[in-house]
Amino acid sequence: MKQVFAGRTTRWGWCLLLLLGLQVQAHAQDAAVTGSVISEKGDFLQGVNVQARKAGSAAVIASVVTDEKGLFMIKQLAAGTKYDFTFSSVGYENNFYRNYLVKPAAQKNSLLIKLKEKNNQLDEVVVTGQGIGISKRRIATNVTSIKGTELEQLPSGRLDQLLQSKLPNAQIRLTGGQAGATSIIRARGVTSAFVNSTPIIYIDGVRLDNLNTVAALGGGSAQGSAISSIADIPMDNIETIEYINGGAATTLYGSDAANGVIQIITKKGSGGKTAVTAEVQLGAERSTNDFLHFKRTADLLFQNGLFQKYHVAVNGGKDKSGFSFSMNYMNSSGVQIYDQNNNRKIDFSSGYRAALTDKLTYENSFTYVNNKYKRNRNGNQGGYTGLWFAESGSSSITGPRFNPNLDSLSDADFAKMKDYVNEAERLQDNQITVNRFTTSQVFKYTPIKKMVIKATGGIDYRVMRDMMVQTNQYLTHTTGTYTNNRGNISNSERKYMGLTFELNGQYSWNINDFSFVSTIGGQFFRNEDNQVAYSGTNVRDGSRLVSDAAVRTANDYYLEVVNYGIYVLQNIGYKNRFFLDLGLRGDGNPAFGKNIGVQYYPKAGMSWVFSSEPWMEGIHNVVSSARLRASYGLAGNLPMAWANQRTIKLDGFGGEQTAYFGQPGNNDLGPEKTQTAEGGIDLSFLKDRITFSAGYYRAVTNRALFSVPPTPSSGEMQNQQFNVGKILNRGWEFHTTVVPVKTNDVTLSANLSVNTLYNTVLSSGGVAPFNLNGFSARTLQTVVQQGYSVGFLRGNYGTFDANGVLSSTVAQSYLGTTIPDLFGSMGLNFRYRNLSLFANADYQKGAVASDWDSQFRFNYGAGTEGIPQGEIDKNKRANWLSFTNMFVHKTDFIKVRTIGVTWGLKKLSAIPGIQNMVIGFTVSNPFNFAASPFDPEATISGSAQGQGGATTGGISYATYSAPRQFVGSVRVNF
C-alpha cells in the first residue's frame, strides 16, 4: 500500500508541477501594449477612451483612458494574439487600429495614435438640459460645448469676458473698464421688464450667485460699474462649458431659467502618471483711448499698467480614481493713475473622482476665490469723478474751476489741472474684497446595467465687502472749501449663501428598433442674500472704522428664495435617427402666493438625423451629417420673495415710527413664463470640413412682471409687481465653421455667427410707461411701454428752424431702441505644424445710445459737436436738455476681442522632466470700429432699478472702456 500510495503521490506531484509550469508559461506570455494619443496639432490628448478587443470580436476585454500626457497602458494581453483597438474622445473622430499582433513581453508593444478633430459633434454627450448625460443627437435643441483646451488660449480675468466670442448665439458686453464691472449677457432678446437677462450658472451641478447688476445696498455701485458676481468664478480648472439658450431647452430648470443656463464642468483628474503644468503670463496694459473726446484726457487720468498671472495645476490618478488641483495668482495694476483700478485675485480649485465600488462612484470639486479691487469714483457719484471732470466738462464747476476744453489749455494751465487731478485721484480710498467658496458633491449609483442614479449637493458662499473712505483732506481739495468735520466712511457687506440639492435617475433600454431614455428627478435650491450698510460721518483723517465716527447710520436688506421642483423626461428614439424629446417640470415657491400653487413647465421636441437614412448613404462623402430639430417649451422668471405677502410697510419720520400700506391685494402673483417655439437644421459637409446650423425661434413672455404704480385713492405709497405684461422676442440664428485647408502640417478654419432679433412689448396690461435705468422724466430714461422694445430711449425731441435755432420740443419722445436687431461673432484660426495663429471678434447693429457726456459738454461749454450754429449763438446752451435727440447715436460696432499666436515645443528631452512647452502672445481688445463717438458697450448697463432688475444700457456716461492687454505666456508640462 505504501508503494502504491507513493507512486500515486509521485504521479499527482508531476501533474501539479506540469499545471504550475503551464500557468507560469501562460503568465510569461502575457504582454502590455502602451502608447500615446495626440491631436493633428501634436498636442497630447487627455481622457481619450482606449478599448481593446480580440480581432473580429465585439466583446471589450479592456478599457483605459489616457493621462495628462496622452499616455495609456493595457496589461495582460496574450502575446501572439491579434487585437483591435478603438480610440474615442469628445470632439474627435474615432480611430481604429485593427489586427495588431501583440509581441512577447520581452519586446516593445507601442502605438502612436493621431485623432482628427471633428466639427460635427452630434454624438457628443452633454448633461445640461437633461440632468444626466445624453447624446446631442437625441435632444431637440442646441447645446453649445466649449472645451477647456479652447479657453487656455485666451488670457482673461473673468468668465464672461472669456466667453465673449465663444458662444455663437449669445451676446456678452462688458459695461465698463472698471475691475469687476457688470456685463450684459443675452441670447434671445430681453424676456423680462423686471429681471435682468443674465443666465443662471451652475458649476458641477451647483447653482452659483450670478448677480450682475447693482446690489440692493450698493456694493461697488457707480453707474455702470456695479460689481458682478460672475467676475470671481475660477476659470483654470475647467473641463467643459455647456450653454443652452432660454426657452424650450431650459424647461428642466423651471421657474428661473428663461434666460438660459451656463454649466461649468471642472476637471476631476485622469488615469495614469501624475502630470504637472505651470504657466506664467506677463504683459502690459494700456488704456483704450479710441473713444476719448479730448486727447489730453489720456495724459490726465491714465497710466501704463502691468498684468501678471501665475498658474500651477496637477492632474493624475489611476483607472478607478483621479484628482486635479489648480492654483492661480493674478494681479492687474490697471490703467488708472495711482493704481486706482487694481485687481488682485487668488483662487484654488480641486476635483476628485473615485469608484467606491463597482456600482458606486463619487466626485467632488472645491473652489476658493479671494478677489480684491480698488475703485476710483465713477459716473455721477457727486463731487469730483475723473471722467465726468475731464470728458463731461464738469472741470468748469469743480474745485478751483478750469477751462473745460482740455485740448485748448496752455501747457501751464494743463499742468495746474494735472496737479489738481493727481491729488484728487491719490486721495481716493475705495476698496472691495470678495471671498467665495463653492463645493459640489456628486454620487452616481448604477444598481443595474443601463440605470444611473445621481445625487448632487453643494454650496456657493460669497461674501463681498465694499469700503469707501472720504477724508477731510480729500473733500477740502475737491470742493475748494476747508472742512474738518465732513470726513466719512461708507461700508456695505453682502453675504450670499446658495444651497443646491438634486436627485435624479436615468434608465435606458431598447426594444427592437426603438430606444428609450427615461429620466426622473427633483431639484431644490435655497438662496439667502443678507446685506448690511453702515456708515459714519465726522470722522478724523486716518481713521478707517465707523466706530470712530461722531454720527453713525445703518441699513439692512434680506432676501430668501426657496424653490423646489420635480421633473420627468422621456426621450424616444427610432433606429438611432429619429427622436422625440418630452418633459414636464412642476415647481413650488413661497413667493408664488397661496392662490398660485404648483407651476408647470412642459416641453416637447423632435430630432431627425436624416443623414442616417439609407437613401443618404450614397452622398456621405458630401453630406457628413444632417439633422432637423424642432421644439416647444416653457421656462420662467421668479418674482421677488415676499412680494405677494408684504401688506404693511414700516418706516420712520422725524424720529417716530410710521406705517403705511405695502403690497396688499396681490395674491395672484406668480412667475412670468416664456413660451418658446423653435426649429432648425444642422448640416455637416465634406467630412466636417463645413458645418452649418440655422434656426428660428419665437419666444413670448406671458404674465410678464411689470412695476405698477398705485392709484392715489388706494392710500398705497409704492409700486407693486403684477403679472400684466406680454413681451415678444423672435429671430434667426445662424452659425457656420469652414475648414478650407486641413493637412498634417497646415490647418485653416474660420467661423461666423449671425443672429437677428426683434423685441417688443405686445401688451402692458394698461400700465403706464415706466423707467428701467435712466434718470428723471425731464432728462433721459430707458422705458418700458406697450408697442416699443424693452428699455427704449425716451427724452426730449427738439426741432430746429432754418436758422438752426430751436423751434419746438416734444417731451418724452421715442429716441430709439437700445437692443440691437443684429449681432454675432467671427473667428479665424491658422496652424502650421506647431505654430498657431488665432483671432476673434464680435459685432452688433441696429441699436442706439445717448451720449450723455456730450450733452454735459454742451452744458458746461466744453463742446458743441452736432448742435446747429444758430442755437449755439442765440441761446448759449440754455436749452441743453431740450434737444436730447441731437446727442443720440447708432451703436453699431465691430470689436476685435483677441489676436494671438502660440508655438508648441514638443521635443524637449534635453531638459530633464519637461514633456513639452507652449509659448504664446495675445493682444486683447486691439481694435474697435464703431459708429458712435463713445464706447458703445460702456453704457451704464449695471445700474438697473433695483437689485437684479432688467437693464438694457443705452446711456454713455463717464464710464471707462476696457483696457488693452499685451500678454506673453509660457506653459510647461512636466
Side-chain angles (χ1 to χ4, degrees), residues 38-45 91-92 114-119 146-157 161-168 172 235-236 238 241 277 279-286 288 307 309 311 686 688-691 735-753 824-843 893-908 916-929 962-973:
I38 62 175
S39 69
E40 291 181 294
K41 301 176 183 178
D43 297 324
F44 299 123
L45 296 180
Y92 294 88
K114 284 187 178 182
L115 295 188
K116 293 183 177 180
E117 190 170 358
K118 64 178 182 180
N119 296 317
I146 305 172
K147 292 178 291 186
T149 52
E150 296 180 59
L151 304 177
E152 290 176 357
Q153 290 182 321
L154 307 175
S156 178
Q161 185 179 16
L162 195 69
L163 296 177
Q164 272 185 320
S165 55
K166 287 292 183 180
L167 299 180
I172 301 176
M235 302 177 301
D236 291 285
I238 295 175
I241 294 177
T277 300
E279 183 176 12
V280 175
Q281 298 178 11
L282 290 173
E285 296 181 310
R286 301 289 184 269
T288 299
F307 176 89
K309 181 177 179 181
H311 166 70
L686 304 175
D688 300 335
R689 298 286 286 272
I690 301 174
T691 62
H735 180 67
T736 185
T737 299
V738 180
V739 186
V741 180
K742 190 174 185 180
T743 69
N744 289 335
D745 289 335
V746 180
T747 302
L748 176 65
S749 65
N751 61 273
L752 173 68
S753 69
S825 61
M826 63 194 79
L828 186 68
N829 290 270
F830 172 78
R831 177 191 64 84
Y832 175 70
R833 294 184 178 176
N834 297 329
L835 182 69
S836 297
L837 303 171
F838 60 90
N840 53 63
D842 55 9
Y843 64 91
F893 71 77
I894 297 176
K895 288 196 171 188
V896 179
R897 300 297 184 182
T898 54
I899 298 176
V901 58
T902 62
W903 181 32
L905 303 175
K906 304 298 179 183
K907 297 181 180 180
L908 296 172
N916 63 73
M917 179 185 298
V918 179
I919 300 172
F921 182 76
T922 304
V923 183
S924 300
N925 303 315
F927 301 110
N928 298 302
F929 306 95
R964 289 193 170 100
Q965 290 182 330
F966 305 83
V967 178
S969 63
V970 178
R971 185 170 69 247
V972 180
N973 295 314

request  = Might you point out which heavy atoms bring Pro740 and Arg689 nearest each other, and give the distance in Å?
outcome  = O-NH2, 3.1 Å
query = Is any side-chain heavy atom of Val741 closer than 4.5 Å to a side-chain heavy atom of Val739?
reply = no
inquiry  = Between Leu828 and Leu748, is there a side-chain heavy-atom distance shorter than 4.5 Å?
reply    = yes
task = Decide side-chain contact (heavy atoms from CB on, under 4.5 Å) for Met826 and Asp842; before the verdict, give the C-alpha distance in whole Å, the side-chain angles of both, and the deciding distance to 0.1 Å.
result = CA-CA 6 Å; Met826 63 194 79; Asp842 55 9; over 6 Å; no
query = Mind checking whether Phe838 and Thr922 have side chains closer than 4.5 Å, heavy atoms only?
reply = yes
ask   = Salt-bridged, Lys309 to Asp236, with N to O below 4.0 Å?
value = yes
query = Does any non-hydrogen side-chain atom of Val970 lie less than 4.5 Å from one of Met917?
reply = yes
key: Check: Thr898/Ser924 side-chain N/O donor and acceptor closer than 3.5 Å   = no
request  = Would you name the heavy atoms of Ile172 and Gln164 that are closest together and state the gap between them?
outcome  = O-NE2, 3.4 Å
query = Can you tell me how far the CG atom of Leu752 sits from the OG atom of Ser825, to the nearest 0.5 Å?
reply = 7.5 Å
ask   = Is Arg286 close to Phe966 at the side-chain level, that is, under 4.5 Å between some pair of heavy atoms?
value = yes
inquiry  = With a 4.5 Å cut-off on side-chain heavy atoms, are Ile919 and Leu905 touching?
reply    = yes
request  = Side-chain contact test, heavy atoms from C-beta onward, threshold under 4.5 Å: evaluate it for Phe830 versus Val746 and give yes or no.
outcome  = yes
note = Heavy-atom closest pair (Arg831 atom, Asp745 atom, distance to 0.1 Å) is NH1-O, 3.4 Å
Sub-4.5 Å side-chain heavy-atom contact between Asn928 and Arg964 = yes
remark   = Of all heavy-atom pairs linking Ser753 and Pro168, the shortest is OG-O, 2.9 Å
task = Provide the closest heavy-atom pair for Ala839 versus Ile899 in the form atom of the first, atom of the second, distance.
result = CB-CG1, 4.0 Å
